[in-house]
Amino acid sequence: MRNVSPETITDTFIAYAAEADDARLREVMFSLARHMHAFVKEVRLTHAEWHAGLAALTAAGEITNEARNEFTLFSDIFGISALVDMLHSSPGATSSSNLGPFHRPGAPELPNGGDLRKGQEGEPLVVVGQVTDTVGKPVPHALLDLWQTAGNGLYAVQDPEQPEMNYHAQLRCDAEGKFCFTTVKPLPYTLPYDGPAGVMLRALKRDAWRPSHLHLIVQAPGHVPVVSEIFPTDDEHLDRDAVFGVRADLLMEYRQGTDPTTLPAILAERDSLGADFWRVDLHLRMAPLPGSA
Ligand SMILES: [Fe+2]
């Protein structure tokens, strides 16, 4: 093309890349170019705005390291991560939600009924639940990968005072998919907002807060893994989650007033909880792997 114009530039991009072998790559990149060109034309992007965008990406590269990825943060606060999660949730299964940056592979095993709190600060919480398939049939021996903030609102990797892998655990459910453990109520926290993603949040007068949540991954043979998080119904940040992670089926009520003697007998801390503990009941649903039903 020797006479590129705003009207022809998208078709020109597509013509230049028409020989690309991978059909999916062509589909994704052509669509991306179409949307980006349309965006630039719609807002009549100025040189100053274009430079500001490039400067934000440059700053994101400079602040990114092993423990922090500013590009992931941009993906999260634009809602891209949440959209990818939602588009690939299995119908009837527990909704997908943010993996986030604090998952640690190889967390220590926690016996079913075990205790994550180990006497640490925070409000005691008993989690009781069951993993079933999408029609309510128990999924035996599902593996839960669990992680959350400690009672001070920090993940272990953010806090040198915490033991490594504090509040990270893998728990194997029983033959009926049932599980329970004691922990503390996770706390709300803010995303890191001292980088270019924070500049964007402030400019848009948006919250950097995430509501309190318990992260989990559920895995079982023959089923689609679920990556999700559970939110208490009374958290004040539910309607402004900075990363768009809240879904109706992930809201669970944290209640007080349970008689400890009614809790599962395998709960190790059952007799030492006192009266002021919280309880949440989780029903996690998994879809069968395609072709395995
Ligand atoms: Fe988190």
Side-chain angles (χ1 to χ4, degrees), residues 64-86 89 94-108 110 116-117 120-123 125 127 129 144-171 181 183-195 197-198 201 206-219 225-247 249-252 254 278 280 282 284:
T64 292
N65 57 35
E66 248 181 42
R68 170 175 180 173
N69 190 320
E70 197 76 359
F71 296 98
T72 304
L73 206 48
F74 268 124
S75 167
D76 292 347
I77 67 174
F78 265 107
I80 306 296
S81 312
L83 262 175
V84 173
D85 285 339
M86 289 188 281
S89 274
T94 297
S95 295
S96 295
S97 188
N98 290 54
L99 175 67
F102 298 113
H103 177 246
R104 309 273 299 275
L110 180 73
L116 284 174
R117 184 166 67 109
Q120 299 175 88
E121 69 171 305
E123 297 184 67
L125 170 67
V127 181
L144 300 183
D145 207 331
L146 307 159
W147 69 106
Q148 64 165 88
T149 64
N152 62 0
L154 296 173
Y155 289 93
V157 72
Q158 298 174 299
D159 182 2
E161 301 296 314
Q162 290 184 46
E164 203 188 351
M165 295 287 193
N166 200 29
Y167 291 106
H168 291 257
Q170 297 188 70
L171 183 155
F181 58 96
T183 182
V184 292
K185 274 184 95 172
L187 292 184
Y189 60 83
T190 54
L191 303 176
Y193 53 89
D194 56 341
L201 288 174
R206 275 182 50 184
D207 285 0
W209 283 97
R210 295 220 61 208
S212 154
H213 52 272
L214 170 64
H215 287 281
L216 48 88
I217 299 174
V218 195
Q219 300 176 81
V226 173
V227 178
S228 197
E229 44 190 353
I230 302 300
F231 304 91
T233 47
D234 61 352
D235 193 286
E236 63 180 307
H237 303 290
L238 288 175
D239 294 312
R240 304 273 295 175
D241 181 10
V243 306
F244 308 95
V246 182
R247 327 261 180 266
D249 69 313
L250 303 182
L251 294 170
M252 309 271 172
Y254 288 32
W278 295 88
V280 61
L282 311 186
L284 306 172

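Counting convention: from 1, in listed order, for ligands and their atoms alike. These numbers come from the heavy atoms of this one structure, side chains and all, not from hydrogens, waters or symmetry mates. Keep in mind that this is a model prediction, so the values were computed, not measured.
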Three-point angle H213:NE2, the Fe ion (ligand 1), Y189:OH, rounded to the nearest 10°: 90°
Short N/O/S contact of T149 with the Fe ion (ligand 1) (below 2.8 Å): no
Whether Q170 side chain and A107 backbone form a donor-acceptor pair below 3.5 Å: yes
Contacts of type ring-ring contact (aromatic ring centres under 6.0 Å, His included), residue W209, not counting sequence neighbours: H237
Atom of H215 closest to the Fe ion (ligand 1), considering N, O or S atoms: NE2
Main-chain N/O of L251 paired to T233 side chain as donor or acceptor, under 3.5 Å: no
Y155 and H103 aromatic centres sub-6.0 Å: no
